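Structure, as structure tokens:
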Amino acid sequence: MIEHDSTFRDKVYGFVSQIPEGRVMTYGQLAVLSGHPRAARIVGQIAHFGPIDLPWHRVVNKKGGLARTFSFGGIEGHRKLLQQENIVIKDNTIEDIDRYIWQPK
DNA sequence: CGAGTGACCGCAA
DNA sequence: ATTGCGGCCACTC
């Protein structure tokens, strides 16, 4: 696990890579865990430019809504990827998101 | 180097 | 319930 001289960005990478299948994390949650509670916005930015090998589709906003503009396959692609992991989505919003939230140890 | 933009969140009116 | 605005880091031009 990378946690050392890691920048905010690197910490986000670390957490995202740990999200298990069928679970999700919110931008705000990642911001808090990475040491910048008000930087949820930046997490989105990092997600946009981040490495494709990380499961960015498991990162969603607090309302359970999907990203407004998803880099890979658009919002429909995003929805499909989540549904593949047995996550129920209604109107581009995850239903009862709280039960999918992943809390890293 | 400086300025602008952005996959968001929470509080105030 | 909706609307507006500040905060924050990474990246581009």
Side-chain angles (χ1 to χ4, degrees):
Chain A
M1 156 121 184
I2 355 167
E3 197 165 347
H4 185 60
D5 287 352
S6 299
T7 62
F8 177 72
R9 180 194 61 193
D10 293 323
K11 289 183 181 177
V12 172
Y13 288 162
F15 285 118
V16 173
S17 65
Q18 288 171 48
I19 306 176
E21 188 178 309
R23 290 308 181 84
V24 300
M25 281 184 80
T26 68
Y27 297 99
Q29 189 184 2
L30 284 165
V32 172
L33 292 171
S34 301
H36 290 268
R38 304 296 135 101
R41 185 174 198 173
I42 318 307
V43 177
Q45 199 64 209
I46 291 170
H48 182 72
F49 292 99
I52 186 187
D53 32 302
L54 298 187
W56 295 112
H57 59 280
R58 294 175 187 147
V59 181
V60 297
N61 66 36
K62 198 66 166 57
K63 306 186 263 317
L66 309 180
R68 300 208 279 90
T69 57
F70 190 66
S71 304
F72 188 73
I75 193 155
E76 27 182 291
H78 194 175
R79 184 175 61 230
K80 198 165 186 176
L81 285 169
L82 289 173
Q83 289 174 331
Q84 279 179 340
E85 302 190 353
N86 299 321
I87 294 178
V88 181
I89 298 180
K90 184 159 191 176
D91 276 344
N92 287 335
T93 302
I94 296 178
E95 187 169 340
D96 193 10
I97 182 175
D98 290 336
R99 76 176 185 187
Y100 294 111
I101 297 290
W102 167 247
Q103 183 71 6
K105 306 192 206 155

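Model, not experiment: these values are computed from the prediction. Each chain gets a letter, A, B and so on, in the order its sequence line appears, and its residues count up from 1.
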A/W56 side chain vs A/P51 backbone, donor-acceptor pair below 3.5 Å: yes
Exam field: side chain A/R23 to backbone A/W102, donor-acceptor pair closer than 3.5 Å: no
Salt bridge (charged side-chain N to carboxylate O under 4.0 Å, His left out) partners of A/R79, counting only residues at least two apart: none
For A/E76, all residues meeting salt bridge (charged side-chain N to carboxylate O under 4.0 Å, His left out), sequence neighbours excluded: none
Pairwise P distance, C/dG6 and B/dG4 [rounded to whole Å]: 15 Å
Nucleotide C/dC11, atom C1' - distance to CZ of A/F8 in whole Å: 14 Å
side-chain hydrogen bond (donor to acceptor under 3.5 Å, both in side chains) contacts touching residues 29-47 of chain A (sequence neighbours left out): A/Q29-A/Q103
Connected via hydrophobic side-chain network under 4.5 Å: A/V32 and A/V59: no
Footprint string (nucleotides 1-11 of chain B, 5' to 3'): B base within contact, S backbone only, - free, heavy atoms under 4.0 Å: -----BBBSS-
Under-4.0 Å side-chain N/O to phosphate OP1/OP2 contact, A/H36 with C/dC8: no
Remaining members of the apolar cluster that contains A/I75, side-chain heavy atoms under 4.5 Å: A/V24, A/V60, A/L66, A/L82, A/I87, A/V88, A/I89, A/I94, A/I97, A/Y100, A/I101
Taking every non-hydrogen atom, the tightest pair across A/S17 and A/P55: CA-CD, 4.2 Å
Residues touching DNA chain C, which here means a heavy atom under 4.0 Å, drawn from residues 96-105 of chain A: none
